[in-house]
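Below: the structure, in structure tokens.
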Amino acid sequence: MTSPDPSLVSELTVKVANQAARYADFLKSGENDQAPVVAKQLSETRLELLGSTRDLHNIVQGPFDYVRDELAGHCNLIYLHAVYKFNLHKVVPLDGDISYQELARICKVEEDKLRRIIRFAITRRFFQEKREGYVSHTAESKVIISKPEMFDYVGTICEEMWPSAIQAVPAMIKWPGSEERKHSGSALANGSELAMFDILKDHPERAARFSRFMNMFSSAPFFRFDFLCDAYDWSNVTKMVDVGGGHGGQAIALAQKFTSLHCVVQDLAVIDTENEASERIPVELRSRVEFQGHNFFSEQPIKDADVYHFRWIFHDWSDKDCVAILRALIPALKPGAKVIISEGVIPRPGTVSRYVEGTMRVMDLVMMELNNGKERDMIQWKNLFETADERFSLEAVKKVEGSRLSYIIYNWTG
Ligand SMILES: C[S@@+](CC[C@H](N)C(=O)[O-])C[C@H]1O[C@@H](n2cnc3c(N)ncnc32)[C@H](O)[C@@H]1O
């Protein structure tokens, strides 16, 4: 086993100590001063500290233990899946504790395996056993009860993404170089000839779970819908279409701020069982936010809108499919219409910390496993539009403070 370089350990320890001290200072000042500049520094210092503590941890592990621990990580999904399937988070009382025997009886599962799974979860800070034989919550396990949609987050990862992930490499081997969405890990995992969203169409309860998962995922502070309000001058926009807009979170954020804006949210009809979607719209916005079932591979039915917006749509699809989606939009575009893409832009390798780049590359692999989609760097974004039609002209790539997405604005020159 290789021993870590002692000077590297010392160097990283000093770095961690300095960053931790700065972080603590920001936390203290943040209590009194919520100014955006403090919030920004706090968030940057936190990211730096997360990156450095992980580097230190990995160096101390050494290469062999590092790889061993990476591989052991697959067991995390076993306990999270058990939580999801047996509703453990609800059966364990919010205050107080419950015996393994009682837990197993209520969940109707065998006690021995349940205890073993939970004792592993406890090593991951999920639940605790303060007195032997009794399980209680920790701050980490309580996260699942904090919002109902958090439960759908766990379910979607364990039951859609995990099975697809283990088939991602077999899919590469089976269909080398394919850009077909049906040639993905999820197609193999589902034993289907269909792409993931087409599979979901036939399973409304899974589709609804996926949609609630998206809501939860989007609720992270760095993915807030209202960032788009600052990425573009909406004051002169009368009509916008949010293509693949899910439950309408984006449209709500825009309509709340711009009172003469009319928004149409398009999505696969089955996902937005229109009643469920409309119920999310505040009453005062209902005259300006409407839903429409539309498959974005078909010709865009809303002609002459000022803006067509796509958030997290193109990363779901291969280049070939993205070009098809853009071309289906063209017949609706008037000269001067804008196409706005809210997506990640992958940085050049090594230009941001390993930690930050990792968060974006996780998304890239999730897109691969689910739909043969991908995250893109700026060159790839430009290639996509150039291939779709030379009349798309890049107007701006906007960043908004606090947002992890970029806002890529194209003008249709007609
Ligand atoms: C990753 S989610 C993004 C949702 C939303 N834009 C957001 O940012 O939260 C992708 C969305 O595309 C929708 N979708 C997938 N295939 C579609 C299709 N062929 N036509 C229209 N919408 C589709 C899904 O139902 C889902 O709501």
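Hydrogens, waters and symmetry mates are skipped; everything else that's a heavy atom, side chains included, is used. Sequential numbering from 1 along the given sequence is applied to the chain's residues. Both counts, for ligands and for their atoms, begin at 1 and track the order of listing. Keep in mind it's a predicted model, so treat the numbers as computed, not measured.
Those atoms of ligand 1 that come under 4.0 Å of a heavy atom in Ile313, given as number and element, are 10 (C), 11 (C), 12 (O). Of all atoms in ligand 1, numbered sequentially from 1 with element shown, those under 4.0 Å from a heavy atom of Trp317 are 16 (N). Residue-ligand proximity, Ser218 to ligand 1, at heavy-atom distances under 4.0 Å covers atoms 9 (O). For ligand 1 and Asn295, the ligand atoms under 4.0 Å from any heavy atom of the residue are 18 (C), 19 (N), 20 (N). Atoms of ligand 1 lying under 4.0 Å from at least one heavy atom of His294, given by number and element, are 20 (N), 21 (C). Each of the atoms 1 (C), 10 (C) of ligand 1 lies under 4.0 Å from some heavy atom of Asp316.
Looking at Val243, Val265, Asp267, it is Asp267 that brings a heavy atom closest to atom 25 (O) of ligand 1. Across Gly246, Ala195, Gly244, heavy-atom proximity to atom 6 (N) of ligand 1 is greatest for Gly244. Nearest to atom 1 (C) of ligand 1 by heavy atom, out of Phe197, Trp312, Phe314, is Trp312.
Checked against the 6.0 Å centroid criterion, the rings of Tyr410 and Trp381 do not qualify as a close aromatic pair.
When every heavy atom of Lys239 is checked against every heavy atom of Leu261, the shortest pair comes out as N-CD1, 4.2 Å.
Heavy atoms from other residues, nucleotides or ligands lying under 6.0 Å from CD of Glu284 number more than 12.
Ring orientation note: the planes of Phe213 and Phe217 are tilted relative to one another, at an angle of 30° to 60°.
Checking Ser141 against His89 by side-chain atom types alone, no donor-acceptor pair falls below 3.5 Å.
In this structure a side-chain-to-backbone donor-acceptor pair under 3.5 Å is present from Arg376 to Phe314.
Heavy atoms of Phe210 found under 4.0 angstrom from ligand 1: none, in either backbone or side chain.
At under 3.5 Å, not a single nitrogen or oxygen of Met214, backbone or side chain, sits near a nitrogen or oxygen of ligand 1. Any N or O atom pair closer than 3.5 Å counts here, and Arg311 shares at least one such pair with ligand 1.
Relative to the ring axis of Phe227, Arg224 places its NZ or CZ within 45° and under 6.0 Å from the centre. Both cation-pi conditions hold for Arg181 and Phe297: the charged atom is under 6.0 angstrom from the six-membered ring centre and inside a 45 degree cone around its axis.
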